[in-house]
Engineer: 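Provided herewith is a single structure, encoded as structure tokens, for subsequent inquiry.
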Amino acid sequence: MQPKPVLDPQQFADEPPISDTLTDYDHRMMVVYLRLLDAAAENADWREVARIVLKVDPDKEPARAKRMHETHLARARWMTEHGYRDLLRPPH
């Protein structure tokens with residue numbers, strides 16, 4: 001059984017796992033990925049997105065916040081190009 005998406009997670013990995021298939025982390029972060037994609041489409045400032053969506057303060061931890069934003073957004077984009085296929089497969 002796949003983990004359910006979390007609407008407002010409070011903890012994040014500094015970088016999402018890298019895998020050719022969806023991970024449990026991806027399933028839990030699905031709403032976060034959608035929020036990141038929406039923010040990118042609206043050209044939102046990454047600092048604001050990191051603060052609001054990823055719960056990391058870019059003023060206190062600029063390098064970590066930037067890395068978290070970039071890697072989670074990259075994983076969200078990967079989901080739109082490849083990962084979604086795993087969502088369409090029937091469960092085992």
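The structure presented is a predicted model; accordingly, all values stated were derived computationally and were not measured.
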Engineer: What are the two closest heavy atoms between L54 and F12, and how far apart are they?
Structural biologist: O-CD1, 3.1 Å
Engineer: Could you check whether atom CD of Q10 has more than 12 heavy atoms from other residues, nucleotides or ligands sitting under 6.0 Å from it?
Structural biologist: yes
Engineer: To the nearest 0.5 Å, what is the distance between CZ (R75) and CE (M29)?
Structural biologist: 12.5 Å
Engineer: Could you tell me whether the side chain of D57 reaches within less than 4.5 Å of the side chain of R51, counting heavy atoms only?
Structural biologist: yes
Engineer: Do you know which two heavy atoms are closest between A65 and P58, and how far apart they sit?
Structural biologist: CB-CA, 3.7 Å
Engineer: Sub-3.5 Å donor-acceptor pair from the side chain of S19 to the main-chain atoms of L22, do we have one?
Structural biologist: no
Engineer: Just by distance, do the side chain of D38 and the backbone of R35 share a donor-acceptor pair under 3.5 Å?
Structural biologist: no
Engineer: Taking all atoms of both residues into account, what is the closest heavy-atom pair of W46 and P62, and its distance?
Structural biologist: CH2-O, 3.9 Å
Engineer: What is the minimum heavy-atom distance between L37 and T80, and which atoms define it?
Structural biologist: CD1-CG2, 3.5 Å
Engineer: Between the side chains of E70 and K66, is the shortest nitrogen-to-carboxylate-oxygen separation below 4.0 Å, so that they form an ion pair?
Structural biologist: yes
Engineer: Look up atom NE2 in H69 and atom CZ in R47, then write down how far apart they are to the nearest 0.5 Å.
Structural biologist: 10.5 Å
Engineer: Does M79 share a hydrophobic cluster with L34, counting links as ILVMFWY side-chain heavy atoms below 4.5 Å and allowing steps through other members?
Structural biologist: no
Engineer: Answer yes or no: are there more than 12 heavy-atom neighbours, outside E15 itself, under 6.0 Å from its atom CD?
Structural biologist: yes
Engineer: May I ask whether M30 and V6 are part of the same hydrophobic cluster, defined by side-chain heavy atoms of I, L, V, M, F, W, Y residues being less than 4.5 angstrom apart, directly or through others?
Structural biologist: no
Engineer: Ignoring hydrogens, what is the shortest heavy-atom contact between D14 and R67? Give both atom names and the distance.
Structural biologist: OD2-NH2, 3.3 Å
Engineer: For W78 and T21, which heavy atoms make the closest approach, and how far apart are they?
Structural biologist: CH2-C, 3.9 Å
Engineer: Can you confirm whether or not the ring centre of Y25 sits under 6.0 Å from the ring centre of H72?
Structural biologist: yes
Engineer: Considering residues, nucleotides and ligands other than D20, do more than 12 of their heavy atoms fall under 6.0 Å from its CG?
Structural biologist: no
